[in-house]
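To start, the structure itself, in structure tokens.
Lettering of chains follows the sequences in order, A, B, ..., and the numbering in each one begins at 1. Owing to the predicted nature of the structure, the values given are computational and were not obtained by experimental measurement.
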Amino acid sequence: MGYGVSKLRFRNWKNKAFYIFVCVMSGITMFPLFFIIWELIKKGYKQFNYSFFTEVAPTSMDAMLAKMSDSVIPGGVLNGITGSLLILGMAIVFAIPVGILAGIYLSEKKESRFAGIIRFLTDLVQGIPSIVVGIIAYAWVVKPMHGYSALAGSVALAIMMLPLVIRSTEETLNMLPVSLKEAGLALGASYTNVILKILLPSAFGGLFTGILLAVSRIMGETAPLMLTALGAAAVNWDWSKPTSSLPLLIWEFYNDPNLIDLIWSSSLLLLLLILTLNLIAKQVANKWKIQ
Amino acid sequence: MRLLELNRVCVSYTPGKNAVNNVSAAIGENTITAIMGPSGCGKSTLLRAINRMHELYPNVETTGEILLKGKNVLRMNPMEVRRRAGMVFQRPNPFPTMSIYENVLAGYKLNGIRLGKNEREEIVETSLRNVALWDEVKDTMNKKGSFLSGGQQQRLCIARALALKPELLLMDEPTSALDPISTNRIEELLLELKEQFTIVIVTHNMAQAARISDYSMFMYLGDLVEYDTTKQMFTKPGDKRTEEYLSGVFG
Ligand SMILES: Nc1ncnc2c1ncn2[C@@H]1O[C@H](COP(=O)(O)OP(=O)(O)O)[C@@H](O)[C@H]1O
Ligand SMILES: [Mg+2]
């Protein structure tokens, strides 16, 4: 009897110890994230003012003068924000229709040989290093157009987005019950109408989440843009001209000893944007869950 | 008048192996015909051959003749066939993104048929009254159909099928996922709908067939073993297998 109780106690103790161990370990995985955010806030908050969002990046000279007089570096990252918007916007326009259509194909023709090939290629593209994607976009767009451009950057990012959009579309559509499709067809609807008016709306939440996550994944890409969009000192809305972007600015700041203090606030902004996209994606996924 | 005629209908999922084997039968207008039989005997397969649902799946082959008002549905445009022969499934499946109102009109929307506002309202009201759902939902028309109870959802699906004014209503165990009270509701409803429509209903439930159908088919291993008036079949079945099924020897 007494033996049984002590054995039970030992087991309880073991359970508890294991539980604490698990908690501590998962706490440790959070460490890097908190550490990064803390570091960025600590070093970047001073720059995080009104002009940070409304002015373009300062010249090296302006920054040096400000530093010598011990004041905050003037200017901001407006050209990066608008450039990111332009490039990402075009990448979305290119990648989403193609990605969704390919996703529909994969989910509708699951068994076909061609679907198998597309699936395999999609996985391959997802594995291509981003710098290589940049080189491809350079060869396809920059060379023929004789110049760096926002368009070239968006082509590179669209290539990186495609596999993510294709796969999330396929997976979301696969989760829809077959009965939905059958119900539509049984009403005499054409196949196209069933897809456009029933399946896609029902899958909206999943598609939207997939797109947001894909955007947040490519938002911080720098390497492919260095070979395609190049960067620009002023705000540019022309798709055929070199354009800046947030990650490109961070890279430029890093390379200029006078501007290096700006990398913290720019990184903080980029991180906040990505976190926000992820949070929205999560909300959308929860709200539009497929029953 | 014969609305539907089946002549030597065979359906196979794998070549050389018929899930429905040489079924011939004729179905008159404004009747309820029940298809009975143990599970796996080909009831759903036969029903889905009539509105050509099998064409969704490339390996399924249907042969023979299926005449709807004398015209072979296997040679018609499948979309026309499905508009003329509505279908209700085992599990209620209202469209989750559409409101109750839109669900009833889904057939029109999906077929690209434009209706005036008065016409729309009228179709929605008649269809919902037909399935005795009008009073329950007339104030919540804009809510999603998925908020309704299972029985209400199934009646909504029947209304959705009826809205297109089909000549034939095909139902595949429409009450097997419902509670007894909802089942009872739907059975009463079918008896009323018989005045306007012709109904073919697959049922696993012999009592249900006895309660509502005028004619009954008994299927076994893909064959149509017996087809007669329900009364005759339940009192004097002509085949040993029917008798055994009805007396509960297998099922
Ligand atoms: N999609 C399918 N693929 C292959 N065989 C099927 C399929 N659906 C049904 N079958 C087979 O066809 C036969 C008849 O099935 P079904 O018509 O669903 O029977 P019931 O509706 O009478 O229960 C069964 O033997 C079943 O295994
Ligand atoms: Mg069945």
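- Ranked by heavy-atom pairs under 4.5 Å with chain A, the list Arg91(B), Glu80(B), Arg160(B) is led by Arg160(B).
- The greatest number of non-hydrogen atom pairs below 4.5 Å with chain A, out of Asn51(B), Leu56(B), Leu170(B), is found for Leu56(B).
- Residues Asn93(B) and Glu182(A) have side chains that never bring a donor and an acceptor to within less than 3.5 angstrom of each other.
- Inspection of non-hydrogen atoms places Met98(B), Ala106(B), Gly107(B), Lys109(B), Leu110(B), Asn111(B) of residues 98-114 of chain B under 4.5 Å from chain A.
- Residue contact with chain A, scored on non-hydrogen atoms closer than 4.5 Å, involves the backbone of Pro94(B) exclusively.
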For this session: Quick one: do Leu225(A) and Leu157(A) satisfy side-chain contact (heavy atoms from CB on, under 4.5 Å)? Show the steps, please.
Result: CA-CA 8 Å; Leu225(A) 293 186; Leu157(A) 295 191; 4.2 Å; yes

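- Within the 3.5 Å criterion, the main-chain N or O of Ala115(A) finds a donor-acceptor partner in the side chain of Ser112(A).
- A salt bridge between Asp172(B) and Lys43(B) is absent, with no side-chain N of the basic residue lying under 4.0 Å from a carboxylate O of the acidic one.
- Surrounding CZ of Phe89(B) are more than 12 heavy atoms belonging to other residues, nucleotides or ligands, all under 6.0 Å away.
- More than 12 heavy atoms of other shown residues, nucleotides or ligands fall within 6.0 angstrom of atom OH in Tyr13(B).
- Annotation: side chain of Ile32(B) is not in contact with side chain of Glu187(B) (no heavy-atom distance under 4.5 Å).
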